[in-house]
Amino acid sequence: MICYLNGEFLPLSEARIPVLDRGFIFGDGVYEVIPVYRRQAFRLAGHLARLGRSLDAVRIARPHDDARWAELIRELVAHQEHDDQSLYLQVTRGVARRDHTFPAGVTPTVFMMSGALTLPPADVLTRGIPAVTQTDNRWFRCDIKSTALLANVLLRQAASDAGAGEAVLLRDGFLTEGSASNIFVVRGGTIRTPAKSHLTLPGITYDVIADLARDNALPYEQCDVHETEVRAADEIWLASSTREILPVTALDGRPVGNGVPGPMFRRMYELFQAYKDIHCPPAG
Ligand code: PDD
């Protein structure tokens, strides 16, 4: 696999960074995961805008403008064998003697790789996945897409240990998001999800769902979602760049609604697939 590191395209197995990289020492960096359909980056402008906001929030200088990022991404995608890819991009503060304070005059480390996008298979979409609730014990800047993901990793592992595919996070009795996804509930025909805040990552898939709900006049609200509403939901979905939209059909061992993916999910899933076809059309 060909990756990109600090200005060079090279085999992943040959890419090296110094152990004093602050990404390694402190998790001092930010990242993006961009889905690529038919070799076209999906909602690239949204991903690059979020990357810019993450970099500004952690005070790392933007290494490239959007036009240059788009060029580098196109070239990386062209190097891969698969048409549908999951592109990972990370920027760390760079390499310096270990000291919590920002080092002076350091160049950020820029790394990108892209592999096959493996979406949930058809049987998983028709069954849905089990999830478990967990207390959201992360920091108060979950809006920054930071590489420091230890809390998310522990929450996801707790879900996995319980035989579940995602942790649905609750903070002070209210839904925030998943360990690596945004969460939607459907109750009485209305789609509900928390509004953007410092407590959740502003998902790009989340934005697509909002656009599709608006454009198709589906009842949709961004509002506080209490734990009782999550537990009484007719449908629960998760959404992310690597899983698209996926129904959660059991929560903490109890069925969600009828325990099968609901009609609102099926409608949104179809709209999402059609949107992909329009925005990342087949070549020619
Ligand atoms: N994660 N919330 C969290 C905490 C996430 O980590 C992610 C995505 C999302 C969904 O965002 P988007 O729709 O832009 O992918 C929400 C990626 C896929 C990851 O860390 O691998």
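Both ligands and their constituent atoms are indexed starting at 1 by order of listing.
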Partner set under side chain to side chain donor-acceptor pair (under 3.5 Å) for Arg68, not counting sequence neighbours = Glu71
If you measure every N/O of [X] against every N/O of ligand 1, is any gap under 3.5 Å?
X	result
Glu177	yes
His47	no
Arg138	no
Thr242	no
Asn152	no
Ile204	yes

Give the residue, atom name and distance (to 0.1 Å) of the protein heavy atom nearest [atom].
atom	result
atom 10 (C) of ligand 1	Asn182 OD1, 3.6 Å
atom 6 (O) of ligand 1	Ala180 CA, 3.3 Å
atom 21 (O) of ligand 1	Val33 CG2, 3.6 Å
atom 20 (O) of ligand 1	Tyr31 OH, 2.6 Å

Kindly say whether [Y] contributes a backbone atom to a donor-acceptor pair with the side chain of [X] at under 3.5 angstrom?
X	Y	value
Arg22	His100	yes
Asp83	Arg39	no
Glu177	Leu201	yes
Thr193	Ile183	yes

Any atoms of ligand 1 less than 4.0 Å from a non-hydrogen atom of [X]? List them with their elements.
X	answer
Gly203	11 (O), 12 (P), 13 (O), 14 (O)
Thr205	12 (P), 13 (O)
Ser241	12 (P), 13 (O), 14 (O), 15 (O)
Ala239	10 (C)

Please confirm whether [X] approaches ligand 1 to less than 4.0 Å, judged on its heavy atoms.
X	result
Tyr88	no
Lys145	yes
Arg50	yes

With a 6.0 Å cut-off (strictly less than), is the heavy-atom count around [atom1] of [X], excluding the residue itself, greater than 12?
X	atom1	answer
Phe9	CZ	yes
Arg214	CZ	yes
Asp65	CG	yes
Asp172	CG	no

Exercise: do Thr133 and Arg231 side chains pair donor with acceptor under 3.5 Å = yes
Does a salt bridge link Arg187 with Glu229, judged by any charged N lying under 4.0 Å from a carboxylate O?
-> no
Closest by any non-hydrogen atom to atom 9 (C) of ligand 1: pick that one out of Ser179, Ser86, Ser181.
-> Ser181
